[in-house]
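Worth knowing before you read on, the calculation uses all heavy atoms, side chains too, and leaves out hydrogens, waters and symmetry mates. First the proteins, then the strands, lettered A, B, ... as listed; each starts at 1.
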Amino acid sequence: MARLYRGMRDFLPEEMIPREEITAKIKEVFRRWGYVPIETPAIELLETLLGKYGDEADKLIYEIKHKDGLGLRYDLTVPLARVIAMYGQNLPMPFRRYQIQPVWRAERSQKQKGRFREFIQCDVDIIGTSSPIADAEILAISAEILSNLGFERYKILLNHRQILRGLVNYAGFDEKNELFVLRSIDKWDKIGKEAVREELAEKSFKKESIDRIFELIEIDETNWNLLVELSKIDNQRVKNGVKNLRKILEYLSAVGVGQDVVQVTPRMARGLDYYTGAIFETVLSNLPSMGSLTGGGRYDDLIGMFSGKGKIPACGTTIGLDRIISALQELDKFPKAHTFTKVLVAQFSKALSNEALNFAHKLRSVGIPTEVFPEPKKLSKQFSYANKWNIPYVVLIGEDEVEEELCTLKDMSSGQQRVIHQDRAIKILLESINKK
RNA sequence: GUGGGCGUAGCUCAAUUGGUCAGAGCGCCGGACUGUGGAUCCGGAGGUUGGCGGUUCAAUUCCGCUCGUCCACCCCA
C-alpha cells in the first residue's frame with residue numbers, strides 16, 4: 001500500500017504554489033538586508049550534531065544506519081557553525097547568510113498542529129560581530145517578514161541567557177542544575193506557575209531558592225521598568241544582560257520596530273544549549289497553541305566548539321516556514337492556487353495542431369504562461385479541463401478561424417468570447433494579465 | 001513515551017438493542033450537447049466496512065491484539 005512515514009508530508013500544487021510564493025517573500029527580505037545564501041548537506045557526521053543542543057534534543061536526532069556514524073541535521077545553526085569553522089578565514093566578516101532547507105526531528109509524539117518530523121527552516125545569521133546592532137537587525141528582519149506575510153498580532157519575546165543564568169545563580173541553585181531550572185521556567189506561561197513549582201520541588205531543590213527565583217521571574221512590568229528592576233539585583237551577569245538588552249531595544253526602535261511588539265520577559269528560556277546572550281521568539285497572541293513562529297538568539301561559543309581557536313561571535317534566528325503556513329491556514333489567509341497557466345490553447349483537430357502549437361509559442365515568447373491541450377478531444381473536455389485548473393482564458397483556432405488568422409478568445413470567468421485577429425488576442429491577453 | 005477520541009466508496013458521513021445495512025451527498029468517468037466549461041437531467045465505475053484473531057446460528061455493530069489517524073502532555077520551528 002502507498003503510505004507515508006508519520007510526520008512526513010507531500011505537497012500538492014494547490015499548496016505548493018503559495019508555499020513558493022511565501023518563500024520568495026522571505027528571501028526577498030533577507031536579500032534586502034544584505035544576506036547571501038548557502039546550503040549544506042542533509043547528512044552530517046554524528047560527531048558534528050551531537051552534544052550541541054542538549055540531551056533532550058540529542059535524542060531527537062535521526063541517526064542513519066550506516067557504519068560511518070551519520071545523522072540528519074537537526075537545525076541549520078550547527079551546520080553553519082561547522083561551515084564557518086571550515087571556511088571562515090575566506091569569508092569577510094561580518095558574514096551575513098541565509099539558508100532555507102529542511103531539517104529533521106524524530107518527534108516522539110504523533111503529528112499535531114504545526115509540528116512535523118520534517119520541516120523547512122529559513123535561517124538568517126550574522127557572524128563575526130558581538131554588536132547588539134546585529135541582534136536588533138535579526139529581530140527587525142523577523143518582524144518585517146511577519147508583517148509582510150500579513151500577521152497583525154505577533155509579539156516578539158525577548159530575554160537574555162546571562163540574565164537567566166545570573167538569576168538562577170543568585171537564587172542559590174547549583175551551577176549544574178542551571179539548564180534544568182531554565183527549562184522549567186520556560187514552561188511557566190504554558191503549564192502555569194504552580195506546575196513549574198511542583199516540577200522544581202520534585203527535584204528536591206531548596207525551598208528558599210525556588211521562592212527566590214519565583215519572586216524574580218514573576219515581575220510583570222513594561223520592558224523598561226522590568227529592566228530597571230532587574231538591574232537592582234546584585235549580580236554581574238544580570239547587570240551585563242540588562243545592559244545588552246537596553247542597547248538592543250534602543251537600536252530596534254532606530255530600525256523601525258516599535259516597543260509595542262517587543263515584550264521583555266524573564267520567563268522565556270529556549271531549550272537549546274548553545275545560546276549565550278539575547279534569546280528571542282515570536283508568537284501570535286491570537287494563536288497561542290501554535291507555539292513559536294520564529295526563534296533564535298546569540299550563540300558566541302558554538303563556532304569555537306568546531307574551530308577550537310577562540311570565539312567567533314554569532315547571532316541569528318529561524319523563521320519557521322511550516323509554522324507560518326500552518327498559522328496562515330488557521331487564520332484563513334492561505335489561498336489555494338491551481339496553476340500558473342493563464343491561457344489554454346485548445347486543439348480543434350489533428351489538421352490544425354500546428355496552428356495551436358504556433359499560437360501558444362507566440363504567447364509564451366511574450367511571457368504569457370500557456371499550455372496546449374495535447375489531444376484534439378471534444379471541446380467540452382478541453383474547456384472543462386481549463387475550468388478545473390482555473391485557467392482564466394481559452395483560445396481556439398478552428399476551421400472557421402484559420403483562414404483569416406483569427407481565433408476565438410474566451411474569458412472563462414465571465415463566459416464571454418469573441419472572434420478576433422490572433423495578433424489582437426495576444427495584445428489583449430498581455431494587457432489583462434499584466435493588470436493582475 | 002503517557003492519557004483519550006476515531007478508523008464504512010476518492011471526500012464528508014448514514015446503517016434501530018449484533019439479523020437483506022453495505023447506502024446517501026459531493027467528486028470522478030460517460031452521455032444528453034459530433035465548435036465550448038462552471039447550471040440541469042440520465043447512466044456508470046469504486047468498498048473482502050483499516051488488518052488479524054475471538055465470541056455467536058449470524059458481526060460494520062461485541063471482545064482482544066495490531067496498524068493508521070486526531071487531540072492533550074513533553075519538546076520545539
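- For the P atoms, the distance from rC11(B) to rA77(B) is 34 Å, rounded to whole Å.
- Remark: rC29(B) base-pairs with rG43(B). Criterion, Watson-Crick or G-U wobble with two distances under 3.5 Å.
- When heavy atoms are screened at a 4.0 angstrom cut-off, Asp75(A) is found touching no nucleic acid atom at all.
- Across the strands present, rU2(B) finds its partner in rA72(B); the criterion is a Watson-Crick or G-U wobble pair with both atom distances under 3.5 angstrom.
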Inset, instruction - Go through the steps for Ser147(A) and Tyr154(A) under the test side chain to side chain donor-acceptor pair (under 3.5 Å), then give the verdict. - result: CA-CA 9 Å; Ser147(A) 298; Tyr154(A) 63 87; 2.9 Å; yes
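- Listed by first and then second residue, the salt bridge (Lys or Arg N to Asp or Glu O under 4.0 Å) pairs involving residues 69-78 of chain A amount to none (not counting sequence neighbours).
- With hydrogens and angles left out, the side chain of Asn387(A) and the base of rG38(B) share no donor-acceptor pair within 3.5 Å.
- Using modelled atom types, one finds a donor on one side chain and an acceptor on the other under 3.5 Å when comparing Arg97(A) with Gln99(A).
- Going from the C1' atom of rG53(B) to that of rC13(B) covers 29 Å, rounded to whole Å.
- In the interface, the side chain of Arg270(A) is not paired with the base of rC76(B) through any donor and acceptor atom under 3.5 Å apart.
- Rounding to the nearest 0.5 Å gives a distance of 9.0 Å between CZ of Phe334(A) and NZ of Lys336(A).
- With sequence neighbours excluded, the residues that form a side chain to side chain contact (heavy atoms under 4.5 Å, CB included) with Arg270(A) are Arg161(A), Met268(A), Tyr275(A), Ile279(A), Glu281(A).
- One P atom belongs to rC21(B), the other to rU60(B), and the distance between them is 14 Å to the nearest Å.
- Here the CZ atom belonging to Arg96(A) is positioned 12.0 Å from the CG atom belonging to Asp125(A), to the nearest 0.5 angstrom.
- The partner of rG7(B) is rC67(B), judged by Watson-Crick or G-U wobble contacts that both fall below 3.5 Å.
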Per-nt protein contacts along nucleotides 29-34 of chain B (heavy atom under 4.0 Å; B base, S backbone sugar-phosphate only, - none) come out as SSSS-S
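- Phe119(A) qualifies as a stacking partner of the rA77(B) base, centre to centre under 5.5 Å and near-parallel within 30°.
- Listed by chain and number, the residues in a side chain to side chain contact (heavy atoms under 4.5 Å, CB included) with Thr276(A) are Arg298(A), Asp300(A), Asp301(A) (sequence neighbours excluded).
- Annotated as syn: rG46(B), whose glycosidic dihedral is within 90° of 0.
- Nucleotides rG50(B) and rU34(B) place their P atoms 43 Å apart, quoted to the nearest Å.
- By the 4.0 Å N-to-carboxylate-O rule, Asp423(A) lies too far from Lys427(A) to be salt-bridged with it.
- If you take atom P in rC67(B) and the same atom in rC74(B), they sit 25 Å apart, rounded to whole Å.
- Nucleotides rG25(B) and rA9(B) are separated by 12 Å at their C1' atoms, to the nearest Å.
- No engagement by Ile120(A) is indicated, since no non-hydrogen atom pair under 4.0 Å with the nucleic acid exists.
- Using P as the reference atom, rA15(B) and rC76(B) are 44 Å apart when rounded to the nearest Å.
- When distances run from any side-chain atom of Phe383(A) to the nucleotides rU36(B), rG35(B), rC76(B), the shortest one goes to rU36(B).
- A distance below 6.0 Å separates the ring centres of Tyr98(A) and Phe30(A).
- Nucleotide rC62(B): paired with rG54(B) (Watson-Crick or G-U wobble, both distances less than 3.5 Å).
- Within 4.0 Å of Ile319(A), counting heavy atoms only, lies no atom of the nucleic acid at all.
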The contact string for nucleotides 39-46 of chain B, one letter per nucleotide 5' to 3', using protein heavy atoms under 4.0 Å with B, S and - for base, sugar-phosphate only and none, comes out as --------
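- Proximity note for Ser292(A) (side chain, C-beta onward) versus rG35(B), rA77(B), rC76(B): the nearest is rA77(B).
- The separation of rG54(B) from rU17(B), taken at their P atoms, amounts to 27 Å, rounded to a whole angstrom.
- Side-chain atoms of Gln417(A) stay outside donor-acceptor range of the base of rG35(B), with no qualifying N/O pair under 3.5 Å.
- Taking the charged nitrogens against the carboxylate oxygens, Lys333(A) and Glu152(A) do have a contact shorter than 4.0 Å, which makes a salt bridge.
- Residue Thr408(A) is classed as a base contact, given a heavy-atom separation below 4.0 Å to a base.
- For residues 276-300 of chain A, every residue pair satisfying the ring pair (Phe, Tyr, Trp, His ring centres under 6.0 Å) rule, not counting sequence neighbours, is listed here: Tyr274(A)-Tyr299(A).
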